[in-house]
Novice: 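Please find one structure pasted underneath; my questions will follow.
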Amino acid sequence: MFNKVLIANRGEIALRIIRACKELGIKSVLVYSKADEDSLPVRLADQAVCIGPAPSTQSYLLIERIISVAEICDVDAVHPGYGFLAENAHFAEVCKSCNITFIGPTPEQMSAMGDKAVARETMKKAGVPITPGSNGIVDTEEKALTIARKLKYPVIVKASAGGGGRGMRTAHNDHSLVQAFHQARTEALNAFGNGDVYIEKFIENPKHIEVQILGDKYGNVIHLGERDCSMQRRHQKLIEECPSPSISPALRKKMGEAAVKAAKAVNYSSAGTIEFLLGSNDEFYFMEMNTRVQVEHTISEMISGVDIIKEQIRVAAGERLSLTQKQVQLTGHAIECRINAEDPYRNFAPCPGLISFYAPPGGFGVRVDSHVYCGYRIPPHYDSMIGKLIVYAPTRQEALARCRRALEEYLIEGVQTTIPFEQFILDTKDFREGNYDTGFIERLMKDGLFEKKTQN
Ligand code: MV4
C-alpha cells in the first residue's frame with residue numbers, strides 16, 4: 001500500500017480523499033491555491049503546499065508544479081479527484097514517467113474513452129448497445145445529410161472531443177442539419193482544438209442512467225448498480241438517486257452487465273462510470289464513459305456499503321478488488337442533493353461569499369460531504385458547490401421523507417443556495433412518483449411554478 005498520496009484537487013472531493021487516506025493509514029499531501037488556504041481540506045491534510053494563485057490555470061492545472069511537490073514530498077501516488085486534471089491523459093502519462101502512481105485509469109484507457117467517436121466504435125465492437133448513427137466521424141456536409149436522412153430526423157451532431165453536453169447540436173431537418181454540422185465543428189475546433197464530429201439519432205427526453213464500475217489490474221470488473229442522474233439543469237446535475245425509480249430488476253441486470261462489458265472492452269482498472277441514455281421502451285444506449293470518480297459516487301456507496309475511494313486507492317496500489325459481483329449487495333435507497341451557492345430565483349447565478357451561519361443536518365441516515373464551515377468564504381474562482389447532502393433509507397419513500405427533513409434542517413446564511421429549489425422538486429407529484437427525465441427541470445421552469453409559489 002502507498003505510504004503517501006498527493007491530492008491534486010480542492011473542495012469536498014479533496015476532503016473525501018483525505019478521509020479515505022486516513023482510514024487506510026496513508027499520509028496525505030494537498031496542493032492548494034491561495035484562494036483555498038482557509039478551506040477545511042488544507043487544515044485536515046497531513047501536509048499542504050500552496051502551488052499558486054486562485055486561477056486554476058495558475059494552480060490546479062499546472063502539471064509541473066504538482067509534480068514538483070510530488071517529488072519534493074516523496075509521494076507514491078497522486079489522486080486527481082474530478083475535474084481539473086482527472087481526465088487528462090498527458091498528466092497520467094507524466095505521473096507514470098516520474099514513477100508516481102496515478103490513482104485512476106492508465107493513459108491508454110483514458111484516451112480510449114476520451115475520444116467519443118472512438119469510444120462509440122469500441123462499444124459497438126464489444127456488443128454494447130449504442131444509438132443508431134454514423135460509423136465514426138463525419139467530415140463533409142454531404143455525408144452528414146445522407147446519414148441524417150437515413151437515420152430520420154431528429155438527429156444530434158456531437159463533437160468527438162466533447163462530452164458532458166459540450167459541443168452538441170440537434171437538427172430536425174436538412175436545413176438545420178447543415179447549420180448544426182458547421183456550428184458543431186467550429187465550436188469543437190475552438191473549444192477542444194479538434195473539429196471532428198459524428199452523428200446520432202436524437203433520443204427525445206431520455207433518462208440519464210449511469211452505472212458505477214470498479215476494475216482492478218487483474219482484469220476483474222464489477223458494477224455497483226445504477227444512478228439516476230436525470231434531474232439536471234443545463235447539464236448540471238442537481239439531485240441524483242439510486243436505485244433508479246425507472247428501472248426494473250431485469251433491466252438493472254442488463255445495464256449492469258452491459259456496463260461491465262464496456263469497461264472490460266478497454267481493460268478498465270479503476271473507478272469509472274458508464275453513462276447510458278434510457279429511452280421510453282426500456283431501450284438503452286451507451287453515451288460515454290467517465291474515467292474518474294464522480295461527484296455522485298456517494299449514493300452508490302450508501303446502497304452498496306463499498307467505499308469507492310478506498311477501493312480506487314487499493315486497486316491503484318495493485319490490490320485485487322475486495323469483493324466479487326456476487327458479493328455486491330445493493331440495499332435501500334439513497335438520494336443526493338447538490339447544495340450550490342447559487343440563487344435559484346435568479347437563474348442560478350453563482351453566489352460566492354461569506355457563509356455567516358452554517359448548521360448542517362444530521363441524524364439517522366444523513367451524510368454531508370462538504371469542505372465548508374461557519375465563517376468560511378466561498379471563493380468566486382471555482383464551481384459553486386457548498387457540499388452534498390446524501391440521505392439513505394430502506395425505501396424510496398422513506399428516503400424522500402428523510403431528504404425533505406434534512407434539507408429543512410440545513411441552515412446556511414450569507415449566500416443563496418439551491419436548497420429551496422430542491423425542496424420544491426422534492427414536493428412535486430412527478431418526482432415523488434419517480435416520473436422524471438432529463439427535460440424535467442426545463443419544463444418546470446417554463447411552467448413558472450417555482451417562482452410563483454415562493455412569492456406568495
Ligand atoms: C444524446 C441525447 C439524445 N440523443 N444523444 C448530453 C450529455 C452528453 N453526454 C450526451 N447528451 C445527450 N446525448 C442522443 N443520441 C440527449 C442528450 C442530453 C442529455 C443527456 C443526459 C442528461 C441530460 C441531457 C440533456 C440534454 C441532452
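Counting starts at 1 for both ligands and their atoms, in listed order.
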Novice: What residue and heavy atom of the protein are closest to atom 2 (C) of ligand 1, and at what distance?
Specialist: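 Scanning the protein heavy atoms, the shortest distance from atom 2 (C) of ligand 1 goes to L277 CD1, 3.7 Å.
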Novice: Among all protein heavy atoms in this structure, tell me which lies nearest to atom 4 (N) of ligand 1, with the distance rounded to 0.1 Å.
Specialist: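 That would be I203 N, 2.8 Å.
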Novice: Less than 4.0 Å is my threshold; does some heavy atom of E204 fall inside it relative to ligand 1?
Specialist: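 No; E204 lies far enough from ligand 1 that no heavy-atom distance drops under 4.0 Å.
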Novice: Supply the atom-to-atom distance I7 CD1 to I13 CD1, rounded to the nearest 0.5 angstrom.
Specialist: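 One gets 9.5 Å once the value is rounded to the nearest 0.5 Å.
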Novice: Measure the spacing between CD of E288 and CE of M123 and express it to the nearest 0.5 Å.
Specialist: 11.5 Å
Novice: Cation over ring, R396 on F431, under 6.0 Å and within 45°?
Specialist: yes
Novice: According to salt bridge (Lys or Arg N to Asp or Glu O under 4.0 Å), who are the partners of D307, at least two apart in sequence or on a separate chain?
Specialist: R16
Novice: Which ligand 1 atoms, with their elements, are less than 4.0 angstrom from a heavy-atom of K201?
Specialist: 4 (N), 14 (C), 15 (N)
Novice: Within a reach of under 6.0 Å around CD of E433, are more than 12 heavy atoms found that belong to other residues, nucleotides or ligands?
Specialist: yes
Novice: For atom 8 (C) of ligand 1, what's the nearest protein heavy atom and its distance?
Specialist: G165 N, 3.6 Å
Novice: May I ask which of M231, E200, Q232 has a heavy atom nearer to atom 23 (C) of ligand 1 than the others do?
Specialist: Q232
Novice: Residues in salt bridge (Lys or Arg N to Asp or Glu O under 4.0 Å) with E87, at least two apart?
Specialist: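 Only R292 meet the salt bridge (Lys or Arg N to Asp or Glu O under 4.0 Å) criterion with E87.
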Novice: How close does the nearest protein non-hydrogen atom get to atom 10 (C) of ligand 1, and which residue and atom is it?
Specialist: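 The closest one turns out to be M287 SD, 3.3 Å.
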Novice: Do me a favour and list the nearest non-hydrogen protein atom to atom 5 (N) of ligand 1 with residue, atom name and distance?
Specialist: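 Protein heavy atom at minimum distance: K158 NZ, 2.9 Å.
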Novice: For ligand 1, which atoms sit closer than 4.0 Å to a heavy atom of T131?
Specialist: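 Near T131, the atoms of ligand 1 are 15 (N).
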Novice: Nearest protein heavy atom to atom 21 (C) of ligand 1, by residue and atom, and its distance?
Specialist: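 Residue, atom and distance for the closest contact: H208 ND1, 3.4 Å.
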Novice: Quick one: does E288 get an N or O within less than 3.5 Å of an N or O on ligand 1?
Specialist: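 Yes, E288 has an N/O under 3.5 Å of an N/O on ligand 1.
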Novice: Using a distance-only test with no angle check, is there a side-chain donor-acceptor pair under 3.5 angstrom linking Y60 and D36?
Specialist: yes
Novice: Quick test: of every protein heavy atom, which one is nearest to atom 11 (N) of ligand 1, and how far off is it to 0.1 Å?
Specialist: M168 SD, 3.5 Å
Novice: Using the side chain to side chain donor-acceptor pair (under 3.5 Å) rule, take S33 and Y382 through it: C-alpha gap first, then chi angles, then the decisive distance, then the call.
Specialist: CA-CA 11 Å; S33 80; Y382 314 105; 2.5 Å; yes
Novice: If you define the side chain from C-beta out and look only at heavy atoms, does anything of M255 sit under 4.5 Å from E226?
Specialist: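 No; the side chains remain at least 4.5 Å from each other.
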Novice: Of all the atoms in ligand 1, which lie at a distance below 4.0 Å from a heavy atom belonging to F202?
Specialist: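 Selected atoms, number and element: 2 (C), 3 (C), 4 (N), 16 (C).
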Novice: How far is atom 27 (C) of ligand 1 from its nearest protein heavy atom, and which residue and atom name does that atom have?
Specialist: H235 CE1, 4.0 Å
